[in-house]
Amino acid sequence: VPELSRKNYIPSGGTPLLDTIAETIVRTGKALAAMPESLRPEKVLFVIITDGEENESRVYNHQRVMEMIQHQSIVYKWEFMYLGANQDAIAVGATFGVSAARSMSYGTSKEAVFDTYNVLASKTMAFRSAGNAAEVQAALNFTAEERKSVEDKK
């Protein structure tokens, strides 16, 4: 198999981001509801990661996805994060109801993607060990240093 390059790999599909987010919320909610309460996780971290912007959804719109995210956040205490490559992830995340503190843009170079997943892994570990709301906030909110670390290096 040849190594992928800009000459032999030309993406042409769309990104049904809203439909994907909403369907994943529904499926995750159903899976959790079907579990015995004793096996249900105490915390849910829902991370939206994309390298594209919404351009293909047919079922859900921004308002409905925002309502779903708000519902899961308020009623079930799910936590949401949004990471978007080469876009204003803070602005895009806001259209879904994800706070600016929990949204982050990242570069698409190999190093930037690697660093993005390292930051996310650290955030996830801190979230899992957080005991109260203040610790959760501290664990999940992106710092200026983290945002800088995931940019493409020039």
Side-chain angles (χ1 to χ4, degrees), residues 9-37 39-109 112-130 132-152:
Y9 180 71
I10 303 165
S12 60
T15 303
L17 190 57
L18 296 170
D19 289 351
T20 302
I21 293 168
E23 289 170 14
T24 305
I25 289 172
V26 169
R27 284 188 207 148
T28 303
K30 285 180 180 178
L32 292 172
M35 289 177 154
E37 185 134 1
L39 297 179
R40 259 184 236 146
E42 292 179 28
K43 301 176 189 174
V44 174
L45 177 58
F46 193 102
V47 183
I48 303 160
I49 305 172
T50 185
D51 64 352
E53 294 183 13
E54 164 56 47
N55 60 15
E56 282 282 320
S57 290
R58 304 276 190 255
V59 179
Y60 294 90
N61 61 33
H62 280 92
Q63 182 62 37
R64 182 64 184 121
V65 170
M66 182 182 285
E67 291 167 358
M68 293 172 78
I69 287 175
Q70 288 173 341
H71 176 80
Q72 296 306 118
S73 298
I74 294 167
V75 175
Y76 298 106
K77 308 298 184 217
W78 289 15
E79 302 292 342
F80 287 82
M81 300 174 85
Y82 179 79
L83 290 88
N86 289 334
Q87 60 184 260
D88 184 346
I90 291 173
V92 175
T95 69
F96 308 134
V98 179
S99 73
R102 305 261 179 97
S103 298
M104 182 173 71
S105 301
Y106 65 95
T108 56
S109 69
V113 172
F114 181 83
D115 292 340
T116 299
Y117 282 95
N118 277 336
V119 167
L120 186 57
S122 294
K123 294 280 185 204
T124 302
M125 288 189 308
F127 170 70
R128 290 179 64 146
S129 64
N132 59 44
E135 289 176 354
V136 167
Q137 184 172 342
L140 295 181
N141 292 354
F142 292 108
T143 66
E145 181 179 291
E146 288 166 335
R147 292 176 194 284
K148 183 80 175 150
S149 75
V150 300
E151 294 175 355
D152 284 327

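For the numbers below, each heavy atom of this structure counts, side chains included, while hydrogens, waters and symmetry mates do not. In this chain, residues are counted from 1 in sequence order.
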Original post:
Which class fits the ring pair Trp78 and Phe46: parallel under 30°, tilted 30 to 60°, perpendicular over 60°?
Top reply: parallel
Original post:
Heavy-atom distance under 4.5 Å between the side chains of Phe142 and Lys123, does that happen here?
Top reply: yes
**OP:** With the side chain counted from C-beta on, respond yes when Val26 and Tyr60 share a heavy-atom pair under 4.5 Å apart, and no when they do not.
**Re:** yes
**OP:** Keeping the roles fixed (side chain from Lys43, backbone from Ala130), state whether a donor-acceptor pair exists under 3.5 Å.
**Re:** yes
Subject >> Close side-chain approach of Val150 and Leu83, heavy atoms under 4.5 Å >> reply: no
Original post:
Does Arg147 use its side chain to pair, donor to acceptor, with the backbone of Ser103 at less than 3.5 Å?
Top reply: yes
Subject >> Arg128 atom CZ: more than 12 heavy-atom contacts under 6.0 Å >> reply: no
Subject >> Glu145 bridged to Lys148 by N-O distance under 4.0 Å >> reply: no
Original post:
With no hydrogens and no angle check, is any side-chain donor or acceptor of Asp152 less than 3.5 Å from a backbone partner on Thr108?
Top reply: yes
Original post:
Is the side chain of Thr28 donor-acceptor paired with the backbone N or O of Ile25 at a distance under 3.5 Å, no angle test?
Top reply: no
Original post:
At what distance, to the nearest 0.5 angstrom, does OG1 of Thr50 lie from CG of Asn86?
Top reply: 11.0 Å
Original post:
Looking at side-chain heavy atoms only, is the closest gap between Glu135 and Asn132 below 4.5 Å?
Top reply: yes
Original post:
Any side-chain heavy-atom pair from Leu17 and Glu53 closer than 4.5 angstrom?
Top reply: no
Original post:
Backbone N or O of Glu56 within a donor-acceptor pair of the Glu54 side chain at under 3.5 Å?
Top reply: yes
**OP:** Using atom types as modelled and distance alone, determine if a side-chain donor or acceptor of Asn55 lies under 3.5 Å from a backbone N or O of Gly14.
**Re:** no
Original post:
Quick one: salt bridge (charged side-chain N to carboxylate O under 4.0 Å, His left out) partners of Lys30, sequence neighbours excluded?
Top reply: none
**OP:** Would you check if Asp115 and Tyr106 make a side-chain contact, meaning some heavy-atom pair closer than 4.5 Å?
**Re:** no
